[in-house]
K.L.:
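Okay, handing you the structure first.
Predicted model only: the values in this text are computed from it and were never measured. Proteins come first, then strands; the chains are lettered A, B, ... in the order of their sequence lines, and each starts at number 1.
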Amino acid sequence: MEEKIRSKSNFIRDIIDKDLLEGKNNGRVHTRFPPEPNGHLHIGHAKAILVNYSIAQDYNGKFNLRFDDTNPIKEDEEYVNAIINDIKWLGADWENRLFYASDYFDEMYDYAVQLIKVGKAFVDSQSAEEIRRNRGTVTSPGVNSPFRDRSIKENLDLFEKMKNGEFKDGTHVLRGKIDMASPNMLMRDPLMYRIRHAFHHRTGNKWCIYPMYDWAHGLEDSLEGITHSLCSLEFQAHRPLYDWFLLELGVHKPQQIEFARLNLNYTVMSKRKLLELVEENLVSGWDDPRLPTLSGLRRRGFTAEAIQNFIQKVGVAKAHSVVDYALLEHSIREVLNKTAPRVMSVLNPLKVVITNYPEGQAEEIDAVNNPEDPDAGTRKVPFSKELYIEREDFMEDPPKKFFRLAPGREVRFRYAYFITCNEVIKDENGEIIELHCTYDPASKGGKSPDGRKVKATLHWISAAHAIDAEIRLYDRLITVPDTNNLKEGKTFKDFINPNALKILQNCKLEAHLAEAEVGFRCQFERLGYFCVDNDSTAQKPVFNRTVTLRDVWAKLQKK
RNA sequence: UGGGCCGUCGACAAGCGGUAAGUCACAUGGUUUUGGUCCAUGCAUUCGGGGGUUCGAAUCCUCCCGGCCCAACCA
């Protein structure tokens, strides 16, 4: 227990511990996840969600889901549904606290009027271009807007007219009146409202002015009684402004705390790149199993638990970092090793004829469902004269460390018998098409009574009893660790792994897998973890490879 | 360059003045009817660099070096 708390230690929890000790917020802890519904969630969002949710949980607090829908031209209902679905799946529970920024538009308007009345906000009628020019640069101060000293009465009047739709887009904005010479660019009279005659997916045509992020976000947090507003590092410079608005209004002020977002190597995570892949049909959709989207990972076979564990392992800090993809792979293997039933499937079949086995006979072999879970029990697997093994499990001229089947060599067929290869049958092109082997009837179950040892145990499947399936093998999306600093003229699309998806047909599966439901996960022994894809039917099963098993032999081969 | 933030093993990351946790990766050995799992062992005499304070510094001070963010009517 103590160890677990220690492993979770991070600077945000330190801050909260201190707040609690000092009696801040009456001991309340309340966090939130505030996505803009303008795209799909990915593994990076999972960190934001889980960091907020787990803190709320561990401190007996509350966690809200809030859509930050303040920009109607970028947002859509389609995204809110997808996001809700993904977060539910991930396991974060907002109970009955699902909110929308748009629910607060009336209150935000009233607060803006309040700010105008105390002379802290004004209507600016400069063009976007003029505003940009007058903002100055990071090294030189900006200059005041010529409209900065309008009377409160005039500001009130203009702002109301903005709301009433009397002006065209871009003609006026509402601005906070702070300091055009501030070294913090965000404090140079920040925009609070812009005119946008656009249909909003929730408020329809009720509004034609929409609040900007900095004005809206703190208010949303404040209105919901959020105590700790956790966000990513790039909002650090926004904090003084977040505080300024709430202090001027004299309302509850949550504490904004920033942490580093998650980066993963060998993939892409930016909204722009993901969108490009989807729109240019370089992947099949947002849930393409090659993508790091939550829907993609789900379809790939990841469990929510694996992602939760992964985020836990990654930790929370302020230093920019890139997490190794191998850690994600480890997280899913760890879960599936304990839970996934084992099954024997042959992906790249090579026929084996057991010459001394009776023609037309078949027998049932007992096979263990999951050696990690005694309760998983056993099943019967048919064995017969004609079998398939993996092509890679036979070599006519094996190198030193190859332990598997070869001419004259004896191996174990898992749970079945010791098998010896006697003859290699080839077609006219010299291609190996069949192996003739003999079995040792005394070795039934895979043990030889004389104590004879074999160096390899192979998986196999009875040819007559197997069903055919399509198997989709997935690998990392990108061939280089980082696509953010590429050589000139190169884009991330030049580094898409052509082998990120490999489709295999006529793979041989145990017959009962025809009935497996979409999403069913299992281990194909010695190959990896697989799950049933959405495209699967009983007539044509389709499985996705979630991740391979760790493979020492593959490593040796690379050397 | 003005402002803000960050730099601890190949990758994450604890550490909060008392002498460098843990995880992944990697390596070696053992167990094994999955070259899986599991187990054991190894993997930072040193914390971006220099100087200082101190009996004692990754932790405090100071200077330097390197990286990231901010000049959308995006969030």
Side-chain angles (χ1 to χ4, degrees), chain A residues 3 6-11 14 34-36 38 68-71 73-75 124 127-128 131-133 135-142 169-175 182-188 191-196 209-210 212-214 216-217 231-240 258 260 262 265 271 310 312-331 333-334 337-338 342 344 367-368 371-372 401-404 412-416 445-447 454-459 481 523-528 548-556:
Chain A
E3 270 308 301
R6 186 186 155 115
S7 73
K8 276 187 175 180
S9 163
N10 64 51
F11 77 100
D14 290 348
E36 183 186 17
N38 71 343
D68 209 355
D69 54 351
T70 57
N71 187 359
I73 65 173
K74 291 176 79 175
E75 297 152 7
D124 195 354
S127 68
I131 289 176
R132 190 182 326 125
R133 195 162 355 102
R135 187 146 36 212
T137 69
V138 289
T139 50
S140 61
D169 287 10
T171 53
H172 307 275
V173 292
L174 186 71
R175 291 234 248 174
S182 171
N184 181 346
M185 298 295 295
L186 290 158
M187 300 297 274
R188 323 246 260 226
L191 271 63
M192 295 165 62
Y193 276 95
R194 76 287 218 184
I195 300 172
R196 204 85 120 191
I209 56 171
Y210 291 94
M212 302 285 295
Y213 169 84
D214 286 298
H217 203 89
C231 62
S232 47
L233 252 26
E234 62 266 33
F235 290 101
Q236 281 174 133
H238 294 248
R239 195 186 334 128
E258 311 86 10
L262 172 69
N265 58 19
K271 205 162 267 179
F310 170 69
Q312 232 277 86
K313 288 179 215 285
V314 163
V316 182
K318 293 179 82 163
H320 288 103
S321 59
V322 180
V323 174
D324 198 327
Y325 193 85
L327 188 60
L328 218 212
E329 293 184 324
H330 170 262
S331 301
R333 285 192 188 111
E334 189 181 35
N337 175 50
K338 294 280 183 237
R342 317 281 129 126
M344 292 199 284
V368 173
E372 298 293 315
K401 300 221 170 163
F402 185 85
F403 303 147
R404 283 109 99 143
R412 172 166 41 232
F413 277 21
R414 183 154 227 226
Y415 301 127
K447 283 184 280 277
V454 288
K455 291 202 84 173
T457 300
L458 308 187
H459 63 279
Q523 182 194 102
F524 289 180
E525 293 218 41
R526 304 208 301 132
L527 298 174
T548 62
L549 259 29
R550 289 182 72 231
D551 190 345
V552 172
W553 169 238
K555 249 176 229 167
L556 282 173

K.L.:
When the C1' atoms of U19(B) and A40(B) are considered, how many whole Å apart are they?
P.N.:
28 Å
K.L.:
How is Arg550(A) classified with respect to the nucleic acid when contacts are heavy atoms under 4.0 Å: base, sugar-phosphate, or nothing?
P.N.:
sugar-phosphate
K.L.:
With heavy atoms under 4.0 Å as the rule, sort Leu556(A) into base, sugar-phosphate or nothing.
P.N.:
base
K.L.:
Quantified in whole Å, what is the P atom distance between nucleotide A11(B) and nucleotide G48(B)?
P.N.:
13 Å
K.L.:
If I pick the C1' atom on A25(B) and the same atom on C12(B), what distance separates them, to the nearest angstrom?
P.N.:
11 Å
K.L.:
Expressed in whole Å, how much space separates the C1' atoms belonging to C60(B) and G15(B)?
P.N.:
16 Å
K.L.:
Should Ser140(A) be listed as having a side-chain N or O under 4.0 Å from OP1 or OP2 of G2(B)?
P.N.:
no
K.L.:
Distance between the C1' atoms of A71(B) and A57(B), in whole angstroms?
P.N.:
41 Å
K.L.:
C74(B) phosphate, OP1 or OP2: any side-chain N/O from Arg194(A) under 4.0 angstrom?
P.N.:
yes
K.L.:
For U32(B), take OP1 and OP2 only and decide whether either is under 4.0 Å from a side-chain N or O of Arg526(A).
P.N.:
no
K.L.:
From the options C70(B), C12(B), C6(B), select the nucleotide whose nearest atom is closest to the side chain of Val314(A).
P.N.:
C12(B)
K.L.:
Using a strict 4.0 Å threshold on nitrogen-to-oxygen distance, state whether Glu334(A) and Lys313(A) make a salt bridge.
P.N.:
yes
K.L.:
Please assess His172(A) against Asp124(A) for the test side-chain hydrogen bond (donor to acceptor under 3.5 Å, both in side chains), listing each intermediate value before the final yes or no.
P.N.:
CA-CA 6 Å; His172(A) 307 275; Asp124(A) 195 354; over 6 Å; no
K.L.:
Choose from U23(B), A13(B), A75(B) the nucleotide whose nearest atom is closest to any side-chain atom of Met212(A).
P.N.:
A75(B)
K.L.:
Is there a donor on the side chain of Arg342(A) or the base of U34(B) sitting less than 3.5 Å from an acceptor on the other?
P.N.:
yes
K.L.:
In whole angstrom, what separates Leu186(A)'s CG from C74(B)'s P?
P.N.:
14 Å
K.L.:
Using the side-chain heavy atoms of Phe402(A), tell me which of these nucleotides is nearest: G35(B), C24(B), A71(B).
P.N.:
G35(B)
K.L.:
Indicate yes or no for a side-chain donor-acceptor contact from Arg412(A) to the backbone of Gly446(A) under 3.5 Å, with no hydrogens or angles considered.
P.N.:
yes
K.L.:
Would you call Glu258(A)-Arg239(A) a salt bridge at under 4.0 Å N-O?
P.N.:
yes
K.L.:
Under 4.0 Å between a side-chain N or O of Thr137(A) and OP1 or OP2 of G2(B)?
P.N.:
no
K.L.:
How is Arg414(A) classified with respect to the nucleic acid when contacts are heavy atoms under 4.0 Å: base, sugar-phosphate, or nothing?
P.N.:
base
K.L.:
Which part of the nucleic acid, if any, lies within contact of Phe235(A), taking any heavy atom under 4.0 Å across all strands shown: a base, the sugar-phosphate backbone alone, or nothing?
P.N.:
base
K.L.:
Quick one: Glu234(A) CD to C6(B) C1', roughly how many Å, whole number?
P.N.:
14 Å
K.L.:
Asp551(A) side chain to Ala554(A) main-chain N or O, any donor-acceptor pair under 3.5 Å?
P.N.:
yes
K.L.:
Rounding to a whole Å, what distance do you find between Glu36(A):CD and A72(B):P?
P.N.:
18 Å
K.L.:
So if I take every side-chain heavy atom of Gln236(A) and compare against G4(B), G15(B), U23(B), which nucleotide ends up nearest?
P.N.:
G4(B)
K.L.:
Answer whether the closest heavy-atom distance between the side chains of Thr70(A) and Tyr210(A) falls below 4.5 Å.
P.N.:
no
K.L.:
Could you check His459(A) against Arg526(A) for side-chain hydrogen bond (donor to acceptor under 3.5 Å, both in side chains), going step by step and ending with a plain yes or no?
P.N.:
CA-CA 8 Å; His459(A) 63 279; Arg526(A) 304 208 301 132; 3.3 Å; yes
K.L.:
May I ask you to say what Ser182(A) touches in the nucleic acid, namely base, sugar-phosphate or nothing, with a heavy-atom cut-off under 4.0 Å?
P.N.:
nothing
K.L.:
Send over the distance from Tyr193(A) OH to C74(B) P, rounded to a whole Å.
P.N.:
15 Å
K.L.:
Among the candidates C12(B), A11(B), G35(B), find the nucleotide nearest to the side-chain atoms of Ser321(A).
P.N.:
C12(B)
K.L.:
Looking across every strand, which nucleic acid part, if any, lies under 4.0 Å from Leu549(A) by heavy atom: base, sugar-phosphate, or nothing?
P.N.:
base
K.L.:
Give none if C5(B) has no partner; otherwise give the nucleotide forming a Watson-Crick or G-U wobble pair with it, both distances under 3.5 Å.
P.N.:
G67(B)
K.L.:
Could you check if the base of A13(B) is syn or anti? Syn means the glycosidic torsion is within 90 degrees of 0.
P.N.:
anti
K.L.:
Between Arg196(A) (side chain only) and Asn71(A) (backbone N and O only), is there a donor and an acceptor less than 3.5 Å apart?
P.N.:
no
K.L.:
Measure from the side-chain heavy atoms of Ala326(A) and tell me the nearest of C73(B), C24(B), G3(B).
P.N.:
C24(B)
K.L.:
Expressed in angstrom and rounded to an integer, what is the separation of Ile73(A) atom CD1 from A75(B) atom C1'?
P.N.:
12 Å
K.L.:
Between Lys555(A) and C26(B), is there a side-chain N or O to OP1/OP2 distance below 4.0 Å?
P.N.:
yes
K.L.:
How would you label the contact of Asp14(A) with the nucleic acid (heavy atoms, under 4.0 Å): base, sugar-phosphate, or nothing?
P.N.:
base
K.L.:
Contact class for Arg196(A) (heavy atom, under 4.0 Å): base, sugar-phosphate, or nothing?
P.N.:
sugar-phosphate
K.L.:
In whole angstrom, give me the gap between the P atoms of U45(B) and G2(B).
P.N.:
37 Å
K.L.:
Tyr213(A) stacking on A75(B): centroids under 5.5 Å, ring planes under 30°?
P.N.:
no
K.L.:
Can you tell whether the side chains of Glu372(A) and Lys338(A) come within less than 4.0 Å, N to carboxylate O?
P.N.:
yes
K.L.:
Please state whether the phosphate of A71(B), meaning OP1 or OP2, lies under 4.0 angstrom from any side-chain nitrogen or oxygen of Thr139(A).
P.N.:
no
K.L.:
Taking CG from Leu233(A) and C1' from C6(B), how many angstroms apart are they, rounded to a whole number?
P.N.:
8 Å
K.L.:
Please evaluate the base of G36(B) for a donor-acceptor partner in the side chain of Glu372(A) within a cut-off of under 3.5 Å?
P.N.:
yes
K.L.:
Would you say a side-chain N or O of His330(A) is under 4.0 Å from OP1 or OP2 of C24(B)?
P.N.:
yes
K.L.:
Counting only side-chain nitrogens and oxygens, does Arg333(A) get under 4.0 Å of the OP1 or OP2 atom of G36(B)?
P.N.:
no
K.L.:
Please classify the nucleic acid contact of Val322(A) as base, sugar-phosphate, or nothing, using heavy-atom distances under 4.0 Å.
P.N.:
sugar-phosphate
K.L.:
For Ala237(A), answer base if it contacts any base atom (sugar-phosphate contacts may also be present), sugar-phosphate if it contacts only those atoms, and nothing otherwise; contact means non-hydrogen atoms under 4.0 Å.
P.N.:
nothing
K.L.:
In whole angstrom, give the distance that lies between atom CG of Asn184(A) and atom P of C69(B).
P.N.:
16 Å
K.L.:
Determine whether the aromatic ring centres of residues Phe402(A) and Trp553(A) are separated by less than 6.0 angstrom.
P.N.:
yes
K.L.:
May I ask you to say what Arg404(A) touches in the nucleic acid, namely base, sugar-phosphate or nothing, with a heavy-atom cut-off under 4.0 Å?
P.N.:
base
K.L.:
Val173(A) near the nucleic acid: base, sugar-phosphate alone, or nothing, with a heavy-atom cut-off under 4.0 Å?
P.N.:
base
K.L.:
Counting any heavy atom closer than 4.0 Å, what does Gln523(A) reach on the DNA or RNA strands: base, sugar-phosphate only, or nothing?
P.N.:
base
K.L.:
What's the closest nucleotide to the His320(A) side chain, out of A75(B), C68(B), A13(B)?
P.N.:
C68(B)
K.L.:
Using the side-chain heavy atoms of Pro371(A), tell me which of these nucleotides is nearest: C24(B), A75(B), G36(B).
P.N.:
G36(B)
K.L.:
Which part of the nucleic acid, if any, lies within reach of Pro34(A) when heavy atoms closer than 4.0 Å are counted: base, sugar-phosphate only, or nothing?
P.N.:
nothing
K.L.:
Using whole Å, what does the distance between atom C1' of nucleotide G35(B) and atom CG of Leu527(A) come to?
P.N.:
12 Å
K.L.:
Return the nucleotide paired to C26(B): Watson-Crick means purine N1 to pyrimidine N3 with N6-O4 or O6-N4, wobble means G-U with N1-O2 and O6-N3, both under 3.5 Å.
P.N.:
G42(B)
